[in-house]
> 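This is the structure, below, for whatever I ask next.
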Amino acid sequence: MSPIDWSKPRLRVRGLRKQYEDKVVLGGVDLEIYPGQIVALIGSSGSGKSTMLRCINLIEEISDGQIWLEGEDISVAGIDQDAVRKQVGMVFQAYNLFAHLSILDNITLALKHVQGKTKAEAEEIALGWLDRIGLADKADSYPDKLSGGQQQRTAIVRAVALNPKLLLLDEVTSALDPELVGEVLELIRDLKETGTTIIMATHELSFARDVADWVVFLDQGVVAEEGEAAEFFSNPKQARTKEFLTRLKR
Amino acid sequence: MTELQPQPQPSEAELSRRAFRQTRKRKSTLIAFISTLLFAAAVWFGLISTPGWSRVSQSFFDWPTAVASLPRVLEGLLLNLRVLVFAVIGVLFFGLLLAVLRTLRNPIFFPLRLFARVYVDFFRGLPLIIVLYLVGFGIPGLRLEWLGRIPAEVLGTVALTMTYSAYVAEVFRAGIESIHPSQRLAARSLGLSYGKTMRLVVLPQAIRRVAPPLMNDFVALQKDVGLISILGAIDAVRGAQIEVAKFANFTPYVVAGLLFVLLAIPTVRFADRISAKLASREQAGSTL
Ligand SMILES: Nc1ncnc2c1ncn2[C@@H]1O[C@H](COP(=O)(O)OP(=O)(O)OP(=O)(O)O)[C@@H](O)[C@H]1O
Ligand SMILES: [Mg+2]
């Protein structure tokens, strides 16, 4: 396991608010993520997990607050959003892969067209990753020939291959058949070794306990409790957290 | 595990089922054949029993006239084909351009977006024949000396391209909108710019998806190239018209019509083929 660098936060969020008309989804979120950390974002459905990830990736316009990536304010007016997204990867629940491109081309697309790598360089990187997840023989297949789990693993690897400063995973297993969830979680566990900094919204609590360094519990648009994974699950402090955990356990 | 082997000798029961299917199939073919024959005969007798049939058959289906008029009509058809090729290229280009302009969200592009929208509405409503007249007689009427004398077929190509671009733009736009928003988000979150997302992710998928309706529009365009004759271009229709005047017989029109149909058949078959192929691919799609 690569060590976490506590000297300077990779991501810093202060007073993040998001509202749609008069519905407040995020009511002032504070958060710090350190390089190499894997953070599990948990909370009941509708608590604002996806919204928060989308705000960090600048897909969603924020209503108030500030976000810094490695000390640079990325929420400042007029920021180059494309430049920020080059450094922050995101994988969604479903429909991630480009249907008209082979698995290999899905991975090389951004390497070539965003990072300016040559075809040969891009393919070497892509094949390395495909080999690592055991899909090298599928390089020339199209996404519709892959299982859901294989598709999601490809989508994650496609984002990781770009070496993002931060990788956002939004319930990447929740659209999968139960027997396919394991292989995707295995990949995330594997990514820990590469030192990738990850925030993942998830409903897989046992996995969060197992792999995450840090757990953030979002409730009614604010961080209700956060802490080291082991401590968080074995010894929750807040009544809301206890209630949430027991509700899910049943 | 043992592999399943094909059975060497079908069972008695299977053999009798096969025999039954065989006779049933032969019977169906026979019935279809007889029914078609009877239907054709009914239409034929219905036609020739009309009082004017002998005159119609003489002036529309006269074999010597057909043979004599064929060279000129064929020569005209070559012009139609040339016009078609240029029109298809122009329509694909401008149709796609108009469709993409309509998707731009940046306010700086507002005038372009508005133009695309007004253009599409306008030319979808305007009858092609009026566009042909306006372009065919309007542009030369401007007396732009530096342009010289523009051939009628060029003006016809311009008019066809103007009208069909509007239809095709709508087809492309529907295709662009049918691409799941997640595909766009996935592309953007990989750091691809708006333009690259459009060019590398959205358009390739959209174009594949709309290929069948697009082919349909091109089949329509293929026969509408015959309308350039009204501007005086010597195409298949105009060629037929000249032959009609020469022989005082309408058969050359039938000849030209049949040639257009023959020309359309490969395109139509091709369209069916790619539709079927795409449909089978689309089924799987990129869903989980
Ligand atoms: N575009 C929108 N307009 C209005 N309300 C929205 C919009 N998008 C999200 N919301 C609301 O914001 C709240 C938080 O949504 P969000 O998707 O972030 O929840 P979540 O924690 O990811 O839930 P889940 O676990 O079900 O994915 C929900 O109540 C949702 O209805
Ligand atoms: Mg969500």
Side-chain angles (χ1 to χ4, degrees), chain A residues 53-54 56-60 80-101 105-115 142-152 154-155 158-159 161-164 167-168 170 172-177 180 184, chain B residues 92 96 99-100 103-109 171-214 274-288:
Chain A
L53 296 183
R54 293 160 67 95
I56 294 171
N57 201 21
L58 308 183
I59 295 170
E60 211 72 71
D80 180 352
Q81 301 194 346
D82 287 341
V84 172
R85 289 198 200 102
K86 281 178 194 172
Q87 309 176 62
V88 181
M90 182 153 178
V91 181
F92 306 88
Q93 253 185 36
Y95 298 107
N96 280 293
L97 296 186
F98 305 132
H100 64 300
L101 297 179
D105 291 341
N106 258 280
I107 302 178
T108 57
L109 184 75
L111 285 167
K112 287 188 293 197
H113 293 279
V114 176
Q115 300 199 335
Y142 282 81
D144 57 352
K145 297 286 183 295
L146 263 60
S147 75
Q150 293 172 330
Q151 289 185 34
Q152 280 303 63
T154 306
R158 182 178 68 181
L162 298 170
N163 255 321
L167 178 62
L168 310 173
D170 191 3
V172 290
T173 58
S174 65
L176 297 179
D177 289 337
L180 299 176
V184 175
Chain B
L92 281 174
L96 198 55
V100 170
T103 68
L104 297 177
R105 285 288 157 261
N106 192 319
I108 204 169
F109 297 123
V171 173
F172 277 133
R173 193 170 71 96
I176 290 171
E177 281 174 2
S178 77
I179 301 303
H180 199 279
S182 300
Q183 292 275 299
R184 227 173 281 222
L185 279 185
R188 296 310 294 276
S189 54
L190 288 172
L192 289 159
S193 63
Y194 181 91
K196 282 184 177 168
T197 297
M198 204 58 172
R199 183 162 62 81
L200 299 169
V201 173
V202 178
L203 287 182
Q205 295 187 57
I207 290 170
R208 258 160 245 237
R209 199 166 290 182
V210 299
L214 214 54
I274 60 168
S275 307
K277 211 170 114 198
L278 285 165
S280 68
R281 257 207 88 135
E282 267 310 309
Q283 297 281 304
S286 67
T287 55
L288 287 177

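Everything quoted here is computed from the prediction, not taken from an experiment. Below, all heavy atoms of this structure are taken into account, side chains as well, without hydrogens, waters or symmetry copies. Note on naming: letters A, B, ... go to the chains in the order of the sequence lines (proteins, then strands), and numbering restarts at 1 for each one.
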> Are A/F98 and B/P204 packed together at the side-chain level, in the sense that at least one heavy-atom pair is separated by less than 4.5 angstrom?
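Contact flag for A/F98/B/P204 side chains = no.
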> So, for B/Q205 and A/H100, which heavy atoms are closest and what is the spacing to 0.1 Å?
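Here B/Q205 and A/H100 meet closest at CG-ND1, 3.2 Å.
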> Please classify the contact between B/L185 and chain A as side chain, backbone, both or neither, with a heavy-atom cut-off of under 4.5 Å.
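Answer is both: backbone and side chain atoms of B/L185 are under 4.5 Å from chain A.
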> Please round to the nearest 0.5 Å and tell me the distance separating atom OG of B/S189 and atom CG of A/L58.
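Separation between the atoms: 11.5 Å.
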> Taking it one step at a time, do A/D82 and B/R188 satisfy side chain to side chain contact (heavy atoms under 4.5 Å, CB included)?
CA-CA 8 Å; A/D82 287 341; B/R188 296 310 294 276; 2.9 Å; yes
> Ignoring hydrogens, what is the shortest heavy-atom contact between A/V114 and B/L190? Give both atom names and the distance.
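That would be CG2-O, 3.7 Å.
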> With sequence neighbours excluded, tell me which residues meet salt bridge (Lys or Arg N to Asp or Glu O under 4.0 Å) with A/R158.
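For A/R158, no residue satisfies salt bridge (Lys or Arg N to Asp or Glu O under 4.0 Å) once neighbours in sequence are set aside.
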> First locate atom OG of B/S193, then atom CZ of A/R85, and finally report the distance between them rounded to the nearest 0.5 Å.
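Those atoms lie 10.5 Å apart.
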> Tell me every residue that passes side-chain hydrogen bond (donor to acceptor under 3.5 Å, both in side chains) with A/D177, counting only those two or more places apart in sequence or in another chain.
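By the side-chain hydrogen bond (donor to acceptor under 3.5 Å, both in side chains) rule, A/D177 matches no residue at all.
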> Between A/N96 and B/A186, which heavy-atom pair has the shortest distance, and what is it?
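Smallest interatomic distance, heavy atoms only, reads O-CB, 3.6 Å.
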